[in-house]
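Below, chains carry the letters A, B, ... as their sequence lines are ordered, and counting in each starts from 1.
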Amino acid sequence: MNTQNRQFQLPAELEAQTIIERISAQLPLGKRIEERDLLTYYDSFDWRLFGSGMELIVRRQGRKRTLQLRSQNDGGLIESLTAGTRMPVFCRDLPAGGGMRRALDGVLQMRALMPQVELRSRITTLPVLDDEEKTVARIAFERHAAREPGKGKFRDVPGRLLLLPIRGYEESFERLIGILLEAYALPPGNEGLLAAALAAIGRIAGGYSSKLDFSFQPEQPAASVAREIQLQLLATLELNLDGTKANLDSEFLHDLRVAVRRARSALTQIKGVFPATDVERFKPELAWIGQITGESRDMDVYLLDYDRYRTSLPQRLRPDLDPLHDFLQAHQKSAYRKMVRQLNSERFRRLLADWRDYLQSTSTGSDDAPAALASIAQVANKRIYRIYKRVLAEGSLINADSPAEALHELRKNCKKLRYLIEFFQSLYPKSDVQPMIRAMKQLLDNLGLFQDLEVQAEKLRHFAHQMVAEGEVPVDTLLAMGMLVDGLLRRQAEVRLDFGSSFAEFSGSENRKAFKALFAGKTEAA
Amino acid sequence: MKIIGVYNIKGGVGKTAAAVNLAHLAARAGRRTLIWDLDPQAAATFYFRVKPRIKGGSRKLLRGQRDLDRLIKGTDYANLDLLPADFSYRNMDLQLSAAKRPGLQLQRLLRQLSAEFDYLFLDCPPSISLLSENVFRAADALLIPTIPTTLSVRTYEQLQRFIQDNGIDGVKRLPFFSMVDRRKRMHLDILETMPKKFPELLATEIPYAAEIEQMGIYRQPLFGYVASGSGAASAYRALWQEVRRVI
């Protein structure tokens with residue numbers, strides 16, 4: 001039986017001392033303890049810990065750091081760890097087999113821990129005593145200030161008064177609450193400290209997510225919807241730019257590239273909403289961003305997959321692969337250097353500025369953009385249904401003898417379809433759209449894996465040649481890489497076998513009916 | 001939940017001091033810790049300034065008519081709770097023997113706490129009784145403070161025999177030297193000979209120290225009032241490290 005803390009707002013003008021004197025007239029209070037605290041909340045850029053109901057609090061003590069993983073709900077300690085002089089950034093930096101790593105691994109995945117907000121606190125705690133001088137409850141006065149991690153001025157966070165119960169002394173706790181509330185009409189405070197600290201510096205937890213979250217009305221003109229989508233994607237791109245350039249973790253670049261792919265898809269697939277000349281102007285420029293970021297992403301992917309590659313080999317051959325890791329790291333570095341130069345270039349800067357200007361300019365409707373003023377529901381229905389039919393047609397032509405290119409082509413159209421449905425899902429009932437997205441995701445995963453495995457195998461062969469050309473490479477390494485290529489191609493063949501069932505599910509009559517009903521406006525007679 | 005019984009047939013060997021200080025150390029490391037003062041003398045309860053009284057006494061508790069949960073008191077220390085002693089505990093043997101499987105009653109009772117705590121310390125009364133047997137069967141480890149005297153060696157052998165004769169095999173015996181006075185010839189002799197005879201003996205010794213006795217004056221665990229560099233404090237820290245490693 002655990003009684004909860006009671007939290008109140010502590011107005012700045014109300015002195016702790018005044019309250020203490022008032023309460024001590026009715027309840028014996030013990031010696032006050034003054035504590036100062038300085039801590040930093042850490043999370044990934046996209047708030048994965050917060051999203052999973054956790055908070056990571058880091059305190060520096062001399063040269064060491066203590067990490068505490070706490071539950072958002074009740075502040076309960078989930079795991080704690082004393083780290084060395086270097087703050088762990090990735091899960092792999094945490095002690096293997098330790099509880100902290102276990103708790104964070106699945107949540108954080110490849111993302112880096114970043115300082116989010118720094119909190120400075122002054123806490124005065126007084127025990128309420130019984131006649132044995134045993135503590136039966138506590139009163140804590142908290143004054144906090146927050147700032148951006150490591151820089152800027154501390155800003156006041158609203159103060160809090162906490163009443164903390166001690167188990168088994170519920171009566172004393174109720175009495176304390178009664179005495180306090182009789183003397184002061186303090187408003188209750190329910191906000192968590194992290195949320196309050198972020199609010200003080202003008203931010204919110206969960207302020208970034210790579211997921212699309214649009215909310216459109218069916219009657220909205222298509223051009224304005226297309227602009228809103230593009231502006232949102234541009235914002236995502238820009239938000240990930242600093243992290244990409246600094247290579248804080250691989251997800252910044254990944255999210256940036258996904259935003260660009262979605263933007264390209266939106267630009268060409270939401271047809272007739274922008275004048276064709278404008279589409280032609282920005283299309284190659286957005287494609288250019290894809291190109292200049294491609295090699296870096298490739299290297300990231302191989303490095304992320306490296307452990308899997310390595311463990312796919314027989315145990316005693318694993319060390320043979322290590323020179324590949326060195327190669328990948330070196331090439332990732334140089335790829336990033338090259339990419340960052342481009343991202344810092346005048347061309348890139350101008351492109352983003354022009355694109356934003358264009359999207360924010362008010363001109364709508366032109367002879368060259370026939371669908372600009374049509375309702376978005378009409379445009380969305382038409383485009384989605386058309387691409388859907390194309391996917392069906394292409395997919396049903398694929399058999400065991402079809403070339404790999406046919407599957408690659410199908411994947412492209414599938415992706416277009418998925419993006420369209422994701423952009424516009426707010427126009428449709430969730431219960432109708434979700435199962436479609438799921439079926440499509442399964443098909444896309446299959447097609448994606450098929451293509452990735454082929455590309456990876458091809459690329460590994462290419463790396464082998466490159467390694468030979470660049471200098472001495474042990475024969476054993478090349479042999480190990482050959483085994484990897486073999487493994488990848490075998491898996492690709494297996495994945496190909498699954499295509500039939502994935503596509504059958506996607507193209508099944510249930511799903512067909514659902515697509516038709518939702519996007520073609522008619523229900524088929526059962 | 002790991003259950004650690006702190007036990008000796010003899011009284012006055014430093015049981016309560018060990019139970020209280022080790023429990024406090026576990027709690028300070030962030031582990032949710034409970035100490036159950038099973039001794040009607042209520043020394044541990046006294047150290048924590050809690051009133052030695054539980055509603056309904058041990059009878060209702062053993063019959064399952066009272067949730068253990070509702071009898072637990074928070075101490076003045078984070079993560080550290082206490083199940084207080086009660087004078088009725090002196091009759092626990094009678095009450096236990098009235099139950100169906102008298103040797104397993106405590107084990108059954110403690111199950112309800114297993115999700116809530118990481119460590120449970122049982123501060124046991126001296127003597128060898130049905131309650132002791134219950135502790136042996138419920139605990140993962142038995143921590144046995146042993147004063148280095150010939151008599152103590154004898155009682156340890158007695159305990160060993162009892163455990164073997166009663167087929168209790170799930171409990172680790174962890175004797176350690178307590179109240180060691182290196183000025184005494186006999187202490188030095190036993191410190192030398194006993195480890196050879198009993199390899200399970202822990203390496204840490206708790207010295208005889210006025211600081212430890214003062215727990216009763218301050219009514220606090222040792223770490224509440226001594227400097228962290230004190231010899232006694234270091235000894236308990238080393239002991240806890242060693243215990244944690246073996247259980």
- Pair B:Arg219-A:Glu132, salt bridge (Lys or Arg N to Asp or Glu O under 4.0 Å): steps then yes or no: CA-CA 10 Å; B:Arg219 297 184 72 181; A:Glu132 302 266 339; 2.9 Å; yes
If you draw a 6.0 Å radius around [atom1] in [X], do more than 12 non-hydrogen atoms from other residues or ligands fall strictly inside?
X        : atom1 : result
B:Gln41  : CD    : no
A:Arg60  : CZ    : no
B:Arg59  : CZ    : no
B:Tyr225 : OH    : yes
A:Glu133 : CD    : no

- Looking at CZ of A:Arg167 and CG of B:Leu80, how far apart are the two atoms once the value is rounded to the nearest 0.5 Å?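 One finds 11.5 Å between CZ of A:Arg167 and CG of B:Leu80.
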- Please round to the nearest 0.5 Å and tell me the distance separating atom CG of A:Asp131 and atom CZ of B:Arg49. 11.5 Å
- May I ask you to test the A:Arg138-B:Asp76 pair for a side-chain heavy-atom distance under 4.5 Å? yes
- Message: I'd like to check B:Tyr77 versus A:Thr135 (side-chain heavy atoms, cut-off strictly below 4.5 Å). Are they in contact?
- Response: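 No, every pair of side-chain atoms sits at 4.5 Å or beyond.
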- Shortest non-hydrogen contact from A:Lys134 toward B:Phe48: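 Shortest heavy-atom separation between A:Lys134 and B:Phe48 comes out as CD-O, 3.1 Å.
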